[in-house]
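Taking it in order: structure first as C-alpha cells, then the write-up.
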Amino acid sequence: MGHLADGREEFQTSVTVIGAGPAGLVTSLLLSKYGVAHVLVEKYPTMAHTPRAHIVNQRTVEIFRDLGLEQEFLDVAMPWDMMANTVWHTSLSGLELARRQSWGNAPERRADYLKASPCGMANCGQHLLEPLLLEHALKSEHAEVLLNHVADGIAEDGDGVVATVTDRESGRSRRIRSRYLVGADGGRSLVAEAIGLAYEGEEGISASATVHFHADLSRYTSYRPGTLYWNASPGSENFRGLGNLICHRPWHDWALAYSYDPDREDETHPDQALRRLRKIIGDDSIDIDIRNISTWTINHLVASSYARGRVFCMGDAVHRHPPTNGLGLNTSVADAYNLAWKLALVVNGVAGERLLDTYSVERQPVGRQVVDRAFASIGDMRPINEALGFRNGQSEAEGRAALRTLYGPGPQGRARRQALAKAVAATDYQFNAHGVEVGYRYRAGAVVPDGTPEPRSDRDPELFYQPTTWPGAHLPHAWLDRGEGRVSTYDVAGQGRFTLFTGIGGDAWLEAAAASASRLGIELAVVRIGTPDGYRDCYGDWSALSEVDESGCVLVRPDLFVAWRSRTASAEAVAELPGVLARLLARETSFASKIDR
C-alpha cells in the first residue's frame, strides 16, 4: 500500500492489526485474501528468532491449505512421521525408561487422523513459520506492514479506533484510524489492557526457561524420531526432570524447556544452562552452541470476553496456558480464521455489525477448554515420576535405588512397571488428544440450529474426534472427484465464501442459493455430490458423514464450520434458506436477539 510513507500524521484504513506473531500474521493474510485494506503493526524489526510454539495440528495446516500455503509450510516443517515418539530417559545417551507413539502416529490412531482431514500434523517452530508468513504478508497490496513500530495507545470513538504507533528507530509517532482493531500482541497485550479485558484463572504459577541451542544429537534420536524427549533424572523433583528436550529440525536444532526457581539467578546463566544440557544429554563429546535463553511463566488464564466495542483480541492476549498439548499456536491461528471472514463481510457492507459479536461467543469457550486441558496435562505427567519411584526431597542416590526396584523381579517391581505403563498411556490426553485438537464445536454464535440435539460421542471426546454436520461443528472431511483427481470437501469450500453441499434431488437448492446470494450480495458456491455433472463421492464417505438425505443440504461458513443444514429439499426447507443466510449475516433482528441470550 505504501500510504504511511507519505508523511501524513494520520492514516485511515479498514482494520489495524497489532502484533505479527502467528495470529496477527494469519489475520493479515486472510484479510488480504478477502480484499480488506489493513495495517499490520509489529514492535520488533524481525520475526521470532527462537522456536517458541512448534506443534502444528491438522486444523492449522487446513488453514494454511485454504491460504494456498500448505506446501510451502511443509517444506520448512518437520514431517508428521518424524514426530512419532515421545521418549522418557535418565539421559539422552543413557537409560530409556519409556516410549509412546504420539500425535496420531500409533497404528491404532493413525486412521483416526487420516479420516479427519486431508492434512497431517507437523512440527514447526515460530522461527521457521513466522518468516514464511511475513514474506507473503509483505507481498499483499491490501496490507501495510510496519515493523519496529510500537503501539503506544488505543482510543475508540463512535466512528472507529485510533491507534498511536511510534517508529522505534526514528521516534516518530503517527495515528492510524480504522473501523476495527485486532490485538494479537501476546501475553503482555497492550490492547487487552487498553480495553480492560478481565481474566479468569491464575497467573504466574511457576517460572520456566527455554534454552535454544544447536547440537548434533542424531546418534541418540534418529533411531527413535520424535519431537519431545522428557528427562526423568533421579533426584529431580520436577515432573519433567532436568528439562524437556524439543527437536525443531532433525537432529541439530533444539530447545530445552525446564522449570526453575526465579530467586536463584544462576538458573538461567549460560554456564548453568550448559551444565544442565551436559547432564541431560549425557555425552560430553557433543558440541553445544547455545543461541538464546528466555524465561516465561506458567499461567492458567482465559479472558472472560475476547472483545469490547470495535476492538478484538486473540491468541496469547486472551488465553495463556502451559505448552502441554501444543495447543497455543493452533488456537491462536484458529482465532484469526474465525474473526477474519466476519470482519471482511462487515467491512464490505454485506453483514451487520452484530456478526462480530459471535467471535467472542464462539472462541471464548474454545479458549477455556484449551487452557483447562493444557493445565490438566501437567498433572497427567506426575504419575510417571511416582511410578518410577521418584519423590520430592529424594537424593540422586535414592532415586537410582528406586529405578533398580522398577527393574527388579517379583511383585513390587511388577507393580511398578504396570503403574508406569498405565501412567505413560494416560499421556494420550496430552499427545493424542485428537478430539481437543480438532473436535471443538460452536454451540452458539453464527450458526442456525436445525432442531436436532448435539450428537454425543461413543468414545472419549478428548481423545477422539467425531465428525458430524450438526450446525456448529467443523465440516467433515471426505474425498471427492470429478475426473480431475481427488479433492477434499475442504478444498471446494472455504476461500472466504459460503458453500452449500447437496446431491441427487437437490436441484431446488441451486435456484434458491443463486437468488439468496444475489439478494444479499454474497458469494455462495453450490457443490453437488453424486450427480452426473457434480463430484463423485469417491469412497462413499460423504454419504456416510453428511447426516442428511441426498436431496438435503449442508451450508458451510467460510471458516469450514457448518452453519445450517436441512435433511431434505422440501419446499418448506428450501424456502428457509434466504432467512437462514440473513440471520447468519446479522441482517435480521431475530439473529441479534439470539446472540443476546
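Reckoned from all heavy atoms, side chains included, excluding hydrogens, waters and symmetry mates.
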Does the side chain of [Y] come within less than 4.5 Å of [X]'s, by heavy atoms?
| X | Y | value |
| --- | --- | --- |
| Val436 | Leu327 | yes |
| Val161 | Thr16 | no |
| Val61 | Ile63 | no |
| Ser305 | Gln364 | no |
| Asn330 | Val56 | yes |
| Leu146 | Glu42 | no |
| Asp335 | His319 | yes |
| Val182 | Leu339 | yes |

Under the rule for side chain to side chain contact (heavy atoms under 4.5 Å, CB included), what residues qualify as partners of Asp458, not counting sequence neighbours?
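Side chain to side chain contact (heavy atoms under 4.5 Å, CB included) list for Asp458, sorted by chain: Gln466.
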
Taking side chain to side chain contact (heavy atoms under 4.5 Å, CB included) as the test, write out the residues that go with Pro578, two or more places apart.
Ser516, Arg519

Is the cationic atom of [X] (NZ for Lys, CZ for Arg) positioned less than 6.0 Å from the six-membered ring centroid of [Y] and within 45 degrees of its normal?
| X | Y | value |
| --- | --- | --- |
| Arg528 | Trp509 | no |
| Arg320 | Tyr199 | yes |
| Arg441 | Phe561 | no |

Run the salt bridge (charged side-chain N to carboxylate O under 4.0 Å, His left out) test on Asp357 and Lys342 for me, step by step, so that the C-alpha distance in whole Å, both residues' side-chain angles and the decisive distance to 0.1 Å come before the verdict.
CA-CA 10 Å; Asp357 293 345; Lys342 298 173 181 177; over 6 Å; no

NZ of Lys115: more than 12 outside heavy atoms within 6.0 angstrom?
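No.
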
Are more than 12 heavy atoms, taken from residues, nucleotides or ligands other than Lys43, located less than 6.0 Å from that residue's NZ atom?
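No, because the 6.0 Å sphere around NZ of Lys43 holds 12 heavy atoms or fewer from other groups.
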
Could I get the full list of salt bridge (Lys or Arg N to Asp or Glu O under 4.0 Å) partners for [X], not counting sequence neighbours?
| X | result |
| --- | --- |
| Glu203 | none |
| Arg557 | Glu362, Asp559 |
| Arg59 | Glu62 |
| Glu511 | none |

Closest approach of [X] to [Y] (non-hydrogen atoms, all atoms of both residues):
| X | Y | result |
| --- | --- | --- |
| Pro449 | Val447 | CD-O, 3.8 Å |
| Ala374 | Asn325 | CA-OD1, 3.9 Å |
| His38 | Val36 | ND1-O, 2.9 Å |
| Leu545 | His477 | CD1-O, 3.5 Å |
| Val191 | Cys313 | CG1-SG, 3.7 Å |
| Pro558 | Tyr337 | O-OH, 3.5 Å |

Salt bridge or not between [X] and [Y]? Use side-chain N to carboxylate O under 4.0 Å.
| X | Y | value |
| --- | --- | --- |
| Glu200 | Arg368 | yes |
| Arg373 | Asp380 | yes |
| Arg310 | Asp159 | no |
| Arg188 | Glu193 | no |

Determine whether Asp460 and Tyr429 satisfy the following criterion, side chain to side chain donor-acceptor pair (under 3.5 Å), listing intermediate values before the conclusion.
CA-CA 10 Å; Asp460 189 313; Tyr429 285 96; 2.4 Å; yes

Does Gly160 offer a backbone N or O that forms a donor-acceptor pair with the side chain of Asp157 under 3.5 Å?
yes

State the [atom1]-[atom2] distance between [X] and [Y], to the nearest 0.5 angstrom.
| X | Y | atom1 | atom2 | result |
| --- | --- | --- | --- | --- |
| Asn105 | Phe431 | CG | CZ | 13.0 Å |
| Arg363 | Thr358 | CZ | OG1 | 11.5 Å |
| Thr324 | Ile378 | OG1 | CD1 | 5.0 Å |
| Leu480 | Ile529 | CG | CD1 | 4.5 Å |
| Ile205 | Thr297 | CD1 | OG1 | 8.5 Å |
| Glu130 | Cys124 | CD | SG | 10.0 Å |

Under a 3.5 Å threshold, yes or no: a donor from one side chain and an acceptor from the other, between His136 and Glu72?
yes

Would you say the side chains of Thr468 and Glu547 form a donor-acceptor pair under 3.5 Å?
yes

Set out, in order, the CA-CA distance, both residues' side-chain angles and the distance that settles side chain to side chain donor-acceptor pair (under 3.5 Å) for Asp450 and Thr452, then state yes or no.
CA-CA 6 Å; Asp450 67 343; Thr452 62; 2.6 Å; yes

Please lay out, stage by stage, how Val350 and Arg587 fare under the test side chain to side chain contact (heavy atoms under 4.5 Å, CB included).
CA-CA 9 Å; Val350 176; Arg587 300 268 287 267; 4.3 Å; yes

Is the gap between the ring centers of [X] and [Y] under 6.0 Å?
| X | Y | value |
| --- | --- | --- |
| Phe312 | Tyr306 | no |
| Phe498 | Trp341 | yes |
| His321 | Phe375 | no |

Stepwise side chain to side chain contact (heavy atoms under 4.5 Å, CB included) test for Ile55 and Asn123:
CA-CA 5 Å; Ile55 298 294; Asn123 189 63; 3.6 Å; yes

Under the criterion side chain to side chain donor-acceptor pair (under 3.5 Å), I'd like the reasoning laid out for Tyr34 against Gln495: C-alpha separation, chi angles, the key distance, then a yes or no.
CA-CA 8 Å; Tyr34 305 152; Gln495 302 298 311; over 6 Å; no

Step-by-step side chain to side chain donor-acceptor pair (under 3.5 Å) determination, Asp537 to Ser543
CA-CA 7 Å; Asp537 186 6; Ser543 177; 4.8 Å; no

Using ring pair (Phe, Tyr, Trp, His ring centres under 6.0 Å) as the criterion, point out the one residue from Tyr490, Trp542, Trp564 that pairs with Phe501.
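Of the listed residues Tyr490, Trp542, Trp564, the ring pair (Phe, Tyr, Trp, His ring centres under 6.0 Å) partner of Phe501 is Trp542.
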
Between Leu345 and Val347, does a side chain to side chain contact (heavy atoms under 4.5 Å, CB included) hold up when you go through it step by step?
CA-CA 6 Å; Leu345 291 181; Val347 166; over 6 Å; no

Please walk me through it: do His300 and Val371 pass side chain to side chain contact (heavy atoms under 4.5 Å, CB included)?
CA-CA 6 Å; His300 183 199; Val371 167; 2.9 Å; yes

